[in-house]
Amino acid sequence: MTDAVRGEPPVEMIGVNKWFGAFHVLKDIDLRVREGERIVVCGPSGSGKSTMIRCINQLERHQEGTIRVHGRAYGRDLRENDAIRREIGMVFQSFNLFPHLSVLDNCTFALTWVKHLPKKEAEDRAMEMLTRVRIPEQAGKYPLQLSGGQQQRVAIARALCAQPKIMLFDEPTSSLDPEMINEVLDAMVELAESGMTMIVVTHEMGFARKVADRVIFMDQGEIVEEAPPAQFFDAPRFDRTRLFLSQVL
Amino acid sequence: MALLDSPAPAGSGARLMAVLNNATVRSVVYQALTLACVVLLFWYLISNTIENMSQRGMSAGFDFLGVSAGFGIGFTLIPYREGDTYLRVFMVGIANTMLVAVVAIVLSTVLGLIVGLARLSNNWVIRNVARWYIEVLRNTPLLLQIIAWYFGVFTLLPRPRDSIGWVDSIFLNNRGLYLPAPVIADGFGTVLAAAVLGLAGAFAWARFARKERENSGRIRPVVLPVLALLVLPPLLATLLAGAPVSWDMPQLRGFNFVGGLNIPPSFCALIIALSIYTSCFIGENVRSGVQSVSRGQTEAARALGVPPGRTMRSIILPQALRVIIPPLISQYLNVTKNSSLAIAIGFPDLVSVWMNTSLNQSGRAIPIVAMTMGFYCLVSLAVSLAMNRYNRSILIRER
Ligand SMILES: Nc1ncnc2c1ncn2[C@@H]1O[C@H](COP(=O)(O)OP(=O)(O)OP(=O)(O)O)[C@@H](O)[C@H]1O
Ligand SMILES: [Mg+2]
């Protein structure tokens with residue numbers, strides 16, 4: 001962890017602006033994430049939460065400002081961008097597992113084609129991660145044979161296989177049936193306890209209270225309020241935050 | 001439903017209704033009725049035709065197949081002489097049709113894949129060139145395109161003495177394309193052996209690359225080495241063995257070329273028109289197939305740091321194929337059937353030599369039409385069976 005020794009923050013966004021055509025989605029976003037910090041991002045639909053975290057691994061390109069990951073900024077060098085991106089794992093709302101590959105092959109895919117690990121080693125690591133999310137027995141199945149909660153845990157295991165230093169979650173439980181939400185949240189809580197740096201977009205306020213070091217509220221492309229969960233939920237400073245909280249709580 | 005709960009009605013009319021409303025009875029009755037109608041219709045048509053024909057002294061038998069056909073055929077894939085039988089003519093027609101179909105299918109698939117992917121390119125120029133290629137060529141009739149290539153390009157080429165030539169061995173003129181024809185000589189066995197060795201080597205390398213990937217994780221290039229192994233050994237053997245294959249060069253004698261391999265203009269025009277026309281449809285199939293794979297798949301691969309080429313080959317295409325293959329089957333069948341338009345430019349395919357020339361000469365309409373239809377049906381069935389089997393093998397496993 002040479003980067004951590006140098007003391008560079010895992011993620012740093014400085015004056016980030018982004019437009020979709022004429023639509024200003026992200027307005028002067030400044031965000032500094034500390035090593036091991038757990039951040040929960042919430043806000044109304046369309047406020048730009050997804051876009052912001054997708055900028056962090058450059059699934060979306062920003063047009064103004066700087067995004068640094070462990071001190072390395074995204075730029076025009078595609079190889080460098082790829083290298084930076086490999087520090088980051090991402091879990092999507094719609095799982096995005098590869099349906100034609102078995103659960104095990106989903107997990108080993110990047111290890112084989114990106115990290116160039118031998119098959120044995122890749123499979124060992126995949127099994128280790130599947131055990132961590134408590135579904136090692138599903139390794140031989142195909143994603144569409146699993147329940148939503150199981151699929152999302154596979155997606156977490158797949159992201160963890162690449163040994164990222166930062167994990168991004170974009171509404172990981174929003175497309176799950178209520179009885180499956182907890183199994184996924186449990187996996188995320190355990191991950192948080194292991195010291196992973198995490199940025200989680202979610203409306204699960206219980207999770208935010210329990211795990212987050214900081215809650216960020218976004219509205220209309222701006223970061224309106226950021227505070228530790230106790231303060232955020234019990235004594236929000238802005239009306240917009242209060243209105244939002246009254247709607248989701 | 002209240003009807004189901006009520007006790008069975010007593011009257012015989014009601015009992016009959018109950019039987020008629022039974023799902024099994026119904027499906028059997030409908031199927032039997034349909035079958036009976038079809039059989040009756042065919043029986044009527046066939047018996048009527050046979051009667052009409054026998055009144056005019058025409059026979060429906062197959063005895064004419066052994067009779068000498070007595071006409072020449074301009075281009076034959078399998079050997080044929082003018083005195084050969086009608087059966088042989090049938091074979092020649094089938095061989096020519098199959099040749100056109102296979103070559104056009106291969107070319108149109110390659111072209112279609114390229115055009116389809118180009119249509120999805122991020123590059124504005126590439127995307128729009130592909131789009132206009134598809135829009136223009138897909139929306140003009142194939143017959144028009146075949147005739148345009150034939151009369152508009154290949155027959156307008158210079159006369160043989162002014163041929164367009166490349167390195168004095170390949171010539172293009174209004175009599176077609178002339179290529180050097182390989183003639184096997186001593187030492188050809190060495191070349192063959194080298195080719196076989198190269199093929200084995202290619203397999204071995206692909207296997208080795210996979211094993212290496214699994215054992216040490218190293219990714220070795222596969223495509224280029226395999227190509228090299230396929231091409232280089234026979235090439236080297238040819239050089240070392242001292243002309244194991246001699247080339248029969250096309251040469252201008254008087255007004256025309258002699259020697260070499262002549263591919264007639266009609267074949268060139270037919271292949272080009274068919275391949276290009278079909279590639280538009282295949283291109284659209286490829287595009288819709290790729291687009292049917294959700295963006296999330298690309299994004300997940302990108303988030304994992306997988307390079308774009310690998311994502312296309314291992315994630316997108318395998319999933320897109322499920323969507324591409326069913327319409328691809330019908331395109332392949334279309335190519336086979338469309339090849340019968342060859343008759344417009346005088347290429348001797350099955351329809352041209354069999355349904356046209358042979359039928360006119362022998363007057364045996366029934367057996368000739370039946371044999372031709374039988375052939376096309378057989379090909380269609382075979383292609384569908386093979387492709388459906390392949391499609392099933394790549395189905396995604398759900399619950
Ligand atoms: N590719 C795109 N092109 C144009 N507009 C987009 C695109 N992606 C998102 N937007 C718009 O940008 C805004 C922010 O989208 P984003 O997905 O970041 O919102 P969000 O906060 O994640 O909302 P949700 O809670 O519904 O997921 C929305 O108004 C959306 O319509
Ligand atoms: Mg979102």
Side-chain angles (χ1 to χ4, degrees), chain A residues 50 53-54 56-60 78-79 81-103 105-123 140-147 155 158-162 164 167-168 170, chain B residues 121-124 206-223 289-326 390-399:
Chain A
S50 297
I53 72 165
R54 288 159 61 86
I56 295 175
N57 70 351
Q58 292 287 287
L59 285 182
E60 304 282 358
L78 296 177
R79 278 177 157 256
N81 287 354
D82 273 344
I84 300 173
R85 178 186 285 141
R86 283 184 198 137
E87 307 264 290
I88 305 173
M90 180 151 184
V91 174
F92 301 85
Q93 176 176 351
S94 48
F95 324 139
N96 294 346
L97 294 174
F98 306 131
H100 61 302
L101 300 180
S102 71
V103 164
D105 291 343
N106 263 276
C107 293
T108 56
F109 189 78
L111 296 178
T112 303
W113 294 109
V114 181
K115 306 265 167 170
H116 306 318
L117 285 194
K119 185 174 177 176
K120 175 89 179 47
E121 227 170 282
E123 289 183 349
K141 288 211 186 149
Y142 283 78
L144 297 179
Q145 296 172 320
L146 304 182
S147 75
R158 177 177 71 176
L160 289 179
C161 277
M167 283 284 286
L168 308 176
D170 190 1
Chain B
S121 165
N122 287 326
N123 182 313
W124 188 90
R207 209 182 131 81
F208 168 73
R210 187 164 50 87
K211 286 269 173 248
E212 270 268 290
R213 198 178 72 223
E214 290 179 358
N215 293 335
S216 76
R218 262 188 81 167
I219 308 281
R220 304 257 183 192
V222 174
V223 177
V290 170
Q291 280 179 335
S292 76
V293 180
S294 83
R295 277 192 60 79
Q297 295 287 306
T298 324
E299 289 184 346
R302 203 135 63 95
L304 288 167
V306 180
R310 175 52 53 192
T311 305
M312 183 49 90
R313 262 189 288 172
S314 297
I315 303 293
I316 308 297
L317 279 183
Q319 295 184 59
L321 276 182
R322 289 174 305 132
V323 178
I324 296 175
I325 284 182
Y390 176 64
N391 203 24
R392 218 166 333 157
S393 74
I394 60 166
L395 265 193
I396 285 180
R397 275 208 246 157
E398 296 185 29
R399 316 185 159 255

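Every chain is numbered from 1 and lettered A, B, ... according to where its sequence line falls, protein lines coming before strand lines.
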Relative to chain B, which segment of [X] carries a heavy atom at a distance below 4.5 Å: side chain, backbone, both, or neither?
| X | answer |
| --- | --- |
| A/F95 | neither |
| A/L59 | both |
| A/F98 | both |
| A/R158 | both |
| A/L97 | backbone |
| A/D82 | neither |
| A/T112 | both |

Flag side-chain contact, heavy atom, 4.5 Å: A/R54 against B/E299: yes
Taking side chain as C-beta onward, heavy atoms only, is B/Q297 less than 4.5 Å from A/P99? yes
Okay, B/S314 and chain A: the region with an atom under 4.5 Å from a heavy atom over there is both
Residues passing the side chain to side chain contact (heavy atoms under 4.5 Å, CB included) test with B/R218, sequence neighbours excluded, are B/E212, B/S216, B/R220
In terms of heavy-atom pairs under 4.5 Å with chain B, the winner among A/K115, A/R86, A/M90 is A/R86
Can B/R310 and A/F109 be said to form a side chain to side chain contact (heavy atoms under 4.5 Å, CB included), step by step? CA-CA 10 Å; B/R310 175 52 53 192; A/F109 189 78; 4.2 Å; yes
Per the side chain to side chain contact (heavy atoms under 4.5 Å, CB included) rule, which among B/L321, B/I315, B/V293 passes with A/H100? B/I315
The residue among B/L304, B/I219, B/V306 that forms side chain to side chain contact (heavy atoms under 4.5 Å, CB included) with A/V114 is B/V306
Look at the side chain of A/E121 and the backbone N and O of B/N215, then say whether any donor-acceptor pair between them is shorter than 3.5 Å. no
Heavy-atom closest pair (A/F92 atom, B/A303 atom, distance to 0.1 Å) is CZ-CB, 4.2 Å
One thing to verify: whether B/E214 and A/K120 come together as a salt bridge, which I'm taking to mean a side-chain N less than 4.0 angstrom from a carboxylate O. no
From A/Q58 CD over to B/R302 CZ, what is the distance, rounded to the nearest 0.5 angstrom? 9.0 Å
